[in-house]
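Taking it in order: structure first as structure tokens, then the write-up.
Reckoned from all heavy atoms, side chains included, excluding hydrogens, waters and symmetry mates.
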Amino acid sequence: MRELIPLPLVHEARPGAFPIDDGTIIGADDDARRAAWLLHDVLTGAGVRAPVVPAADPAATIVLRIGDVVRDSPEGYRLTVTPERVTIDGGTAAALARAVQTFRQLLPPAALRRAPVAAGPVEVGCAEIEDAPRFEWRGVHLDVARHFQPVAFVLKLIDLAALHRLNVVHLHLTDDQGWRVEVPAHPRLTEAGSWRAETVIGRTDSFDGTPHGGFYTLDDLREIVAYAEARAITVVPEIDLPGHVQSVLAAYPELGNTGQPVEVRRTWGISDNVLAPTEQALAFARDVLDTVLDVFPGRWVHLGGDEVPRTEWRESPAAAARAAELGLASVDELQSWFLRRLHDHMTSNGRRVVGWDEVVDDGGMPADTLVMAWRGSDHGVKAMAVGHDVVMCTKEVAYFDYHQSGGADEPLAIGGLITVEDVAAWEPEAGNGPGRLIGVQGQHWTEFLPTSSAVEYAAFPRLSALAEVAWTAPERRDAAGLLRRLPAHLERLDALGVNYRPLDGPRPWQRGGTGRRQRA
């Protein structure tokens, strides 16, 4: 029996095997055809280009059907494999997409390659699987602002998220170190804001002297969204406001508090540069968000709201006058005022706002704002107590830019230590309402992850462990069992060309060495 990650609620092996061969035909009606074509692509590595026919066609050997909801979940599914036929049932297209990924893991690892390599026939062991997720938000976050990541890698990450039955890919698209979204109404965002002159080297005071940047065109983003939609994954865009905007002010300094030109930030940390509390800055933000809404159809839009220094506001007579005009207790409440205005704009367009847990402070946000608790689970519990739904992505266990072991050969990381065992044992704190804990998410901040390969090393296998936290019911989970199943799962990642960290430590070429990637 194949070792599956995340662990299904029910997985019972049966005698026999189902052959994947030239006689394999996929049956699906219109509402199930997206999942059917996804399965069609999955079978490529097995050397089969299975046609898709109507579900009622007696020639169909793999049948996908949308019918009754399984286990009271819109993503619940039932997967039955017999020697003669595979049936996949669920109440929604998303449920069928999750079942296809489970079927993908039932294949031999070699069949996950882009082309066939096995000499013999491919078989899937007979089984009965019934499954549904624990959380409605099962996410992976990728910071493309600190180090830009190409479209091809974003698509690969989406595919890997789907394999693990995650359903959210959160893209951190803007920050002090770079702006990554084409906005036709504000062309200097990409002309000036998407490139920095150079980047600080590690934890030194030296710079590499090499320009770094890039951005996604609107067609790039549409491609990313469509690829994710085919896998029933929501892409959540983040436009960080009103702080983390030095790249904005490099393009449009008049939106700041001083009006003075700045450069796209070359170092890490938190910039004091923030947007001015003006109608001009708000109009700019709405313009940007309208472009985002046009490209990203999902219900969630992330407005950041984290790490907003009050330094410039406290030094600005104009900011103080604005706070007094608005009836605020101090300039510290300007962040909440700014974000509430944008919240109203988002909700009037039928979307829901997401923010980091700082949005609960200094005046707070409306209760329908989803809060991402990163500073600690206590911040998530606090947010739930005042009515917010919460995603736990705490730095103690879900920040995958931290070191994976205490070994000296680990590559440079931002700091901290989170092992795969830590993730496997995590039980996120739910609080006692009235807000709900709706999910968990793994974070990949890229200050010290300059390449796609480095992101993969940081992500896996910790993201595999987090997927089980997100999907599998607590009473079914077993951290030791997950660790036992991981070696077989890593064979799948090998077949998919993932630069994961082996369980016994980094490979020679993954080590920090003695150069700029040396562990500090």
Side-chain angles (χ1 to χ4, degrees), residues 1-8 10-29 32-65 77-90 95-131 156 159-160 162-165 230-231 460 464 484-498 500:
M1 184 168 71
R2 299 282 177 201
E3 303 281 15
L4 303 181
I5 293 178
L7 187 68
V10 175
H11 184 191
E12 298 177 355
R14 297 283 189 262
F18 174 81
I20 305 291
D21 54 30
D22 290 340
T24 301
I25 298 174
I26 301 170
D29 293 328
R33 287 181 74 83
R34 173 172 283 182
W37 283 111
L38 181 61
L39 178 59
H40 170 274
D41 292 343
V42 164
L43 297 180
T44 300
V48 172
R49 304 294 287 176
V52 177
V53 302
D57 191 322
T61 57
I62 303 179
V63 178
L64 297 88
R65 298 175 299 212
Y77 65 88
R78 187 174 296 106
L79 170 60
T80 302
V81 182
T82 71
E84 297 79 26
R85 175 172 289 203
V86 175
T87 57
I88 297 174
D89 296 285
L96 300 188
R98 307 295 170 243
V100 166
Q101 297 299 332
T102 298
F103 186 79
R104 190 180 177 195
Q105 290 196 23
L106 292 175
L107 294 166
L112 301 186
R113 295 181 180 270
R114 292 184 177 89
V117 297
V122 172
E123 294 184 333
V124 176
C126 293
E128 181 75 27
I129 297 173
E130 190 171 300
D131 204 8
K156 182 178 183 181
D159 192 55
L160 291 168
L163 177 71
H164 291 84
R165 301 203 289 285
R231 288 150 183 80
F460 296 101
S464 303
R484 178 184 56 78
R485 282 179 279 120
L486 268 176
H489 187 65
L490 296 182
E491 293 182 33
R492 299 184 185 109
L493 300 188
D494 276 323
L496 293 166
V498 178
Y500 65 84

- Below 4.5 Å, heavy atoms only, C-beta onward: do Pro109 and Arg2 meet side chain to side chain? yes

- Item | Option from Arg113, Arg49, Arg114 for which side chain to side chain donor-acceptor pair (under 3.5 Å) with Thr44 holds | Arg49

- Message: Please check: side-chain N/O of Arg104 versus main-chain N/O of Val42, any donor-acceptor pairing under 3.5 Å?
- Response: no

- When you check the side-chain N and O atoms of Tyr500 and Ser464, is any donor under 3.5 Å from an acceptor? no

- For Glu130, enumerate each residue passing the side chain to side chain contact (heavy atoms under 4.5 Å, CB included) test, keeping only those at least two apart in sequence or located in another chain. Val10, Val70, Arg71, Arg78

- Query: Just by modelled atom types, is the Val63 backbone N or O under 3.5 Å from a matching donor or acceptor in the Arg85 side chain?
  - Reply: no

- Would you give the length of the straight line joining atom NE2 of His40 to atom OG1 of Thr24, rounded to the nearest 0.5 angstrom? 11.5 Å

- Message: With a 3.5 Å distance limit and no angle check, can you tell me whether Thr61 reaches the backbone of Ile25 through a side-chain donor-acceptor pair?
- Response: yes

- Task: Work out which heavy atom in Ala60 is nearest to a heavy atom in Val53; give both atom names and the distance.
- Result: CB-CG2, 4.1 Å

- Note on the structure: When every non-hydrogen atom of Tyr77 is compared with those of Ala99, the smallest separation belongs to CD1-CB, 3.4 Å

- Item | Nearest heavy atoms of Arg165 and Leu7, plus distance in Å | NH2-C, 4.3 Å

- Message: What verdict does the side chain to side chain contact (heavy atoms under 4.5 Å, CB included) test give for Val498 and Lys156, after you've listed the backbone C-alpha separation in whole Å, the side-chain angles of each residue and the deciding distance to 0.1 Å?
- Response: CA-CA 9 Å; Val498 178; Lys156 182 178 183 181; 4.3 Å; yes

- Task: Verify whether the ring centers belonging to His164 and Phe460 lie closer than 6.0 Å.
- Result: yes

- Message: Using side-chain heavy atoms (C-beta onward) and a distance below 4.5 Å, is Leu106 in contact with His11?
- Response: yes

- Identify the heavy atoms of Glu128 and Thr80 that sit nearest to each other, and give their distance. OE1-OG1, 2.9 Å

- dist Leu112:CG -> Glu491:CD (nearest 0.5 Å) comes out at 10.5 Å

- Query: If we only count heavy atoms from C-beta on, is the Thr82 to Arg14 side-chain gap below 4.5 Å?
  - Reply: no

- Judged by modelled atom types alone, do Arg98 and Gln101 share a side-chain donor-acceptor pair under 3.5 Å? no

- Query: How long is the gap from OG1 on Thr102 to CD1 on Ile5, to the nearest 0.5 Å?
  - Reply: 12.0 Å

- Query: Considering the options Leu64, Ile26, Leu96, Val52, which one meets the side-chain contact (heavy atoms from CB on, under 4.5 Å) requirement together with Arg33?
  - Reply: Val52

- Grab the two heavy atoms, one from Cys126 and one from Ala17, that are nearest each other, plus how far apart they are. SG-N, 3.4 Å

- Quick one: does Val122's side chain get under 4.5 Å of Val48's, heavy atoms only? no

- Could you give the distance from CG (Leu493) to CG (Leu486), rounded to the nearest 0.5 Å? 9.0 Å

- Message: For Pro83 versus Gly16, what's the shortest heavy-atom pair and its separation?
- Response: CG-CA, 4.5 Å

- Query: Are the side chains of Arg485 and Leu4 in touch, meaning some heavy atoms are under 4.5 Å apart?
  - Reply: no

- Query: Can you check whether Glu3 reaches Arg484 side chain to side chain, under 4.5 Å on heavy atoms?
  - Reply: yes

- Query: Heavy-atom distance under 4.5 Å between the side chains of Leu43 and Phe103, does that happen here?
  - Reply: yes

